[in-house]
Amino acid sequence: MRDELLELTSALKNQIISEKESRSGLYSKLYIKGNSGALTSAPVDTAVNNSVAHVPSITLEDIEKELGDCKRCKLHSERHHIVFGEGSSTSDLVLVGEAPGRDEDMRGKPFVGRAGQLLTDIIKAMGLERKDVYICNILKCRPPKNRNPEPDEIAACEPFLIKQLDVIQPRVICAMGKFAAQTLLKTGTAISMLRGRFHSYHGIKLMPTYHPAYLLRNPGAKKQVWQDVQVIMEELKQASEISI
Ligand code: SF4
């Protein structure tokens, strides 16, 4: 009887270890350490199992601490604040933009200017509050005069976004604007061609759509954004029905 119990305990232990390994984070799936110790992209086509409770080994606070007073790229020299991101660390939806603008740089918060107000309205139209989702950018520091992000800046900053996504494990990522969509999907395809359908970001559903700042200049594109948002809402609704 004692032997049987020991055998059972050992089998259970092995099962727990194997489940833990199969749930290992997105970050480890996306990045491997090269011989130099530098993080390099490792494109692994692995589905993330959202039906299993994810227990991240680190927190968003840990990542922010690791980022510290970051000087990993040249953008540090003119920034006022690092804009790390804000919202729910367990949200099913992460909205990713390009980079902080002037208002965000001054306040250290993502999407707080005019485009941010429009994003807040979009989130409300989805029946959510800002605190229910997580909002961040590809870059955490403002490029001078809001110029486009440069490849070396993206390469320096993106690993921290990957870690944030690994902790949050959202069901859906909404990539807002050309840079967010093209950077995450590693493609040069125009946002107008990418939007409107889900793509896979290492197993997480990613919906590209227009950036709120673009909508301020082109209000006619709100219709397409609303179509994209409705597809996201349907996905979130289905996911919540499954998890009930
Ligand atoms: S943009 Fe990112 S990598 Fe560059 S200094 Fe800011 S936090 Fe660091």
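Ligands are counted one by one from 1 in listed order, and the atoms in each one are counted from 1 as well.
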For atom 4 (Fe) of ligand 1, which protein heavy atom lies nearest, and how many Å away is it?
Cys73 SG, 2.3 Å
Just by distance, no angles: are the side chains of Arg130 and Thr120 close enough, under 3.5 Å, to form a donor-acceptor pair?
yes
Heavy-atom distance under 4.5 Å between the side chains of Leu95 and Met176, does that happen here?
yes
Can you tell me if Lys71 has over 12 outside heavy atoms packed within less than 6.0 Å of its NZ?
no
Locate the shortest heavy-atom distance separating Ile191 from Thr209; write the atom from each residue and the value.
CD1-O, 3.5 Å
Is there an N/O/S atom in Cys157 at a distance below 2.8 Å from atom 4 (Fe) of ligand 1?
no
Top protein contact for atom 8 (Fe) of ligand 1, by heavy-atom distance
Cys70 SG, 2.2 Å
When you measure from atom 8 (Fe) of ligand 1 to the N, O or S atoms of His76, does any of those distances fall below 2.8 Å?
no
Identify the protein heavy atom lying closest to atom 6 (Fe) of ligand 1, giving its residue, its atom name and the separation to 0.1 Å.
Cys141 SG, 2.3 Å
Ignoring hydrogens and angles, state whether a donor on the side chain of Asp121 or Gln117 is under 3.5 Å from an acceptor on the partner side chain.
yes
Closer than 4.0 angstrom: is that true for some heavy atom of Arg79 and an atom of ligand 1?
yes
